[in-house]
Chemist: 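Next up is a structure, given as structure tokens.
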Protein chains: 2
Amino acid sequence: MSSTACRECPLRKRAIFTPMSREEIVFTQQFKTGELVVDAGTTILLEGSNSPQLYTVLKGMGTRYTTLENGRRQVINFLFPGDFAGLQAGLMGEMKHSIEATTPMTLCVFRRTALFQLYELHPERAYDLTWIAAVEEHFLGETIASLGQRSAAQRIAWALVRIYERLKAVGMEAHGSVPLPFKQQDLADALGLSLVHTNKMLKMLRDKNLAQWQNGRLKVSNLPALATVAMIDLAAPEPRPLI
Amino acid sequence: MSSTACRECPLRKRAIFTPMSREEIVFTQQFKTGELVVDAGTTILLEGSNSPQLYTVLKGMGTRYTTLENGRRQVINFLFPGDFAGLQAGLMGEMKHSIEATTPMTLCVFRRTALFQLYELHPERAYDLTWIAAVEEHFLGETIASLGQRSAAQRIAWALVRIYERLKAVGMEAHGSVPLPFKQQDLADALGLSLVHTNKMLKMLRDKNLAQWQNGRLKVSNLPALATVAMIDLAAPEPRPLI
DNA sequence: CGGTCCTTTGATACTAGTCAATTGTTGTGG
DNA sequence: CCACAACAATTGACTAGTATCAAAGGACCG
């Protein structure tokens with residue numbers, strides 16, 4: 001199967017992404033060197049390595065995580081279609097975290113060496129790259145606030161709302177639910193909770209008819225109610241650039 | 001008192017910051033529109049506002065925080081000299097967090113409207129800006145790992161080590177200690193701990209002779225030992241750009 | 001000198017972690 | 001097609017780490 005052309009990119013059409021001019025599309029196409037297709041379970045980027053690539057997730061899902069000295073794992077965030085990865089290695093020379101494919105994934109691969117060229121020749125795209133970093137920074141800040149100030153139940157609710165929104169924004173909602181092929185352990189590691197307690201909180205939300213996550217799909221029957229539990233002020237997600 | 005010229009900038013000389021060419025200094029000077037001097041306690045940026053400015057901390061310290069719906073405060077990080085602020089508002093149009101001066105502060109002010117010009121005319125500086133965002137992203141990721149996976153004692157130790165390193169890197173170490181004019185409540189809010197428990201953990205570290213934080217100064221007699229408690233692999237800090 | 005703010009300490013309550021065992025699911029080989 | 005292994009989800013019992021509550025110093029200021 002041949003590589004997807006940027007102009008045909010199914011993600012770009014989504015309202016969540018800021019529109020791109022034809023020229024931008026052409027340049028992005030040049031910047032793209034190919035596609036990486038990996039099986040579920042593959043480690044795409046390894047902490048400490050200096051992988052020379054930048055990626056955008058085209059299909060599939062993964063986790064971005066670090067491992068502490070005591071062996072505990074922290075999932076920094078989940079990777080969904082449209083997400084950009086590898087900027088830290090791209091600029092700082094070394095990965096500060098690992099990325100693992102949870103499902104089979106397809107990633108657009110960009111040449112890291114072309115990064116500086118991008119800054120010189122395509123300021124709008126460079127601007128977008130910084131924008132992406134700023135959006136990511138904002139999201140990480142919100143995660144910090146969740147881990148620091150929300151109770152276990154609130155954290156789970158918060159994560160489910162955010163995940164639901166993100167997947168919906170990239171068009172993965174169907175039959176009132178979204179695919180969510182992670183293990184409960186992954187969510188636990190993302191929220192700093194134990195697996196057992198995560199399980200109990202999920203059951204609680206299920207019993208209250210707020211969110212059902214089973215068989216790899218997440219169904220939220222009453223999003224506003226779940227957002228209330230999560231202490232989230234539900235707002236339309238702001239458009240962000242896609243690279 | 002007149003504004004500090006970029007070429008005289010006392011921060012730029014520090015090894016922690018990547019060197020700047022004369023041209024870069026000249027441009028930065030043009031980009032800078034002045035200085036903001038504020039008293040302790042001033043709110044510099046307010047969540048939700050669309051402040052049109054970008055800042056670099058020249059002197060003093062502050063906190064970057066958000067407030068949740070239930071009134072609890074999460075300190076995202078501390079602002080020290082050399083730190084850059086306002087990028088989110090600069091790109092995304094609205095502040096996602098507030099910034100408050102803890103001590104009197106002096107900030108270099110940059111014109112937000114010149115931001116795009118910077119991308120068009122000075123790709124190296126634009127590159128640096130993205131670099132700064134990536135460094136910040138990395139630091140926030142480490143914070144997430146701390147809140148998620150470290151115990152209270154480890155979190156405190158972690159924070160003190162990181163703070164000590166950062167202040168030392170900008171030349172604020174003197175007599176084997178660094179100034180740290182925050183309240184225990186600020187640290188508690190940064191680490192997602194209660195004030196009381198934070199106090200007890202600080203006492204524990206003090207009793208073990210690992211770290212003394214009193215009267216606005218932090219003294220770490222045995223940094224490697226503190227880093228061990230914190231589960232940190234002590235490494236020389238990597239240089240980052242200054243704007 | 002009283003008031004305010006921050007730090008410190010003790011007592012108690014509760015959230016979430018750990019341990020252990022059971023159930024359900026999927027895939028494999030006989 | 002069934003037995004078994006491997007893994008994920010679930011549940012219950014118990015424990016530990018932190019939060020909460022309350023009160024007492026200390027430091028600073030008008």
Side-chain angles (χ1 to χ4, degrees), chain A residues 39-41 63 68 70-75 100 102-103 146-160 179-208 211-219 229 231, chain B residues 39-41 63 68 70-75 100 102-103 146-160 179-208 211-219 229 231:
Chain A
D39 288 337
T63 54
L68 298 217
N70 60 359
R72 298 181 60 145
R73 180 180 75 140
Q74 174 68 42
V75 172
E100 187 178 309
T102 301
T103 67
S146 288
L147 299 197
Q149 309 300 335
R150 279 185 242 257
S151 70
Q154 292 171 334
R155 274 184 239 185
I156 301 267
W158 171 80
L160 295 183
L180 193 64
F182 298 99
K183 290 179 277 186
Q184 293 187 357
Q185 184 72 62
D186 294 321
L187 186 61
D189 286 347
L191 299 178
L193 297 171
S194 71
L195 168 62
V196 173
H197 203 57
T198 300
N199 180 285
K200 285 171 181 168
M201 294 297 105
L202 283 169
K203 172 176 165 56
M204 184 270 287
L205 292 176
R206 212 183 308 133
D207 290 349
K208 286 191 177 176
Q212 276 101 52
W213 177 26
Q214 273 158 333
N215 305 119
R217 287 197 78 86
L218 168 64
K219 181 168 189 173
V229 173
M231 290 196 316
Chain B
D39 288 338
T63 54
L68 299 219
N70 59 358
R72 299 181 59 147
R73 180 180 75 141
Q74 174 69 42
V75 171
E100 187 178 310
T102 301
T103 66
S146 288
L147 299 198
Q149 309 300 334
R150 279 184 242 256
S151 70
Q154 292 170 333
R155 273 184 241 185
I156 302 267
W158 171 81
L160 295 183
L180 193 63
F182 298 99
K183 290 178 277 184
Q184 293 187 359
Q185 183 72 62
D186 294 322
L187 185 61
D189 287 347
L191 299 177
L193 298 170
S194 70
L195 168 62
V196 172
H197 203 58
T198 300
N199 180 283
K200 286 170 181 167
M201 294 296 105
L202 284 169
K203 172 178 166 55
M204 184 270 286
L205 292 176
R206 211 183 310 133
D207 291 348
K208 285 192 179 175
Q212 275 100 49
W213 177 27
Q214 273 158 331
N215 305 118
R217 288 196 77 87
L218 169 64
K219 181 169 189 172
V229 173
M231 292 197 312

Chemist: Please list, chain by chain and in numerical order, all residues satisfying side-chain contact (heavy atoms from CB on, under 4.5 Å) with D207(A), sequence neighbours excluded.
Modeler: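 D207(A) satisfies side-chain contact (heavy atoms from CB on, under 4.5 Å) with K203(A) only.
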
Chemist: Check whether any side-chain heavy atom of W213(A) lies under 4.5 Å from a side-chain heavy atom of L205(A), and answer yes or no.
Modeler: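 No, too far: nothing below the 4.5 Å cut-off.
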
Chemist: Dot-bracket notation for DNA chain C is requested: 5' to 3', Watson-Crick or G-U wobble pairs only, both distances under 3.5 Å, with ( ), [ ], | and . as defined.
Modeler: ||||||||||||||||||||||||||||||

Chemist: Do you know which two heavy atoms are closest between Q74(B) and G148(A), and how far apart they sit?
Modeler: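 In terms of heavy atoms, the two residues are closest at OE1-CA, 3.3 Å.
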
Chemist: Can you give me the N/O atom pairs linking the protein to nucleotides 16-23 of chain C at distances under 3.5 Å, or say none if there are none?
Modeler:
residue : atom : partner : partner atom : Å
dA16(C) : OP1  : A152(A) : N            : 2.8
dG17(C) : OP1  : G192(A) : O            : 3.3
dG17(C) : OP1  : S194(A) : N            : 3.2
dG17(C) : OP2  : S194(A) : N            : 3.0
dG17(C) : OP2  : S194(A) : OG           : 3.0

Chemist: Return the minimal non-hydrogen interatomic distance between A40(A) and T102(A), and the atom names on each side.
Modeler: CB-O, 3.3 Å

Chemist: Has N199(B) got a side-chain N or O lying under 4.0 Å from the OP1 or OP2 atom of dT8(C)?
Modeler: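 Yes, N199(B) has a side-chain N/O under 4.0 Å of OP1/OP2 on dT8(C).
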
Chemist: Under 4.0 Å from any heavy atom of chain A: name the first and the last nucleotide of DNA chain D that qualifies, 5' to 3'.
Modeler: dA8(D) to dA13(D)

Chemist: State, yes or no, whether a side-chain contact exists between R155(A) and L187(A) at a heavy-atom distance under 4.5 Å.
Modeler: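 Result no, sub-4.5 Å side-chain heavy-atom pair not found.
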
Chemist: Do V229(A) and I156(A) make a side-chain contact, defined as non-hydrogen atoms from C-beta onward lying under 4.5 Å apart?
Modeler: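 No; the side chains remain at least 4.5 Å from each other.
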
Chemist: Minimum heavy-atom separation for G192(A) and Q149(B), please, with both atom names.
Modeler: CA-NE2, 4.2 Å

Chemist: Got a sec, which residues hit side chain to side chain donor-acceptor pair (under 3.5 Å) with Q212(A), two or more places apart in sequence or on another chain?
Modeler: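 Not a single residue meets the side chain to side chain donor-acceptor pair (under 3.5 Å) criterion with Q212(A).
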
Chemist: Tell me: NZ of K183(B) to P of dT4(C), nearest whole Å?
Modeler: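 Roughly 16 Å, once rounded to whole Å.
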
Chemist: Do you know the tightest heavy-atom contact between V75(B) and D186(B)?
Modeler: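 It is CG2-O, 3.8 Å.
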
Chemist: In whole angstrom, what separates Q185(B)'s CD from dT8(C)'s C1'?
Modeler: 14 Å

Chemist: Could you work out, with side chain to side chain donor-acceptor pair (under 3.5 Å) as the rule, every residue matching Q154(A), not counting sequence neighbours?
Modeler: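 Only S151(A) meet the side chain to side chain donor-acceptor pair (under 3.5 Å) criterion with Q154(A).
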
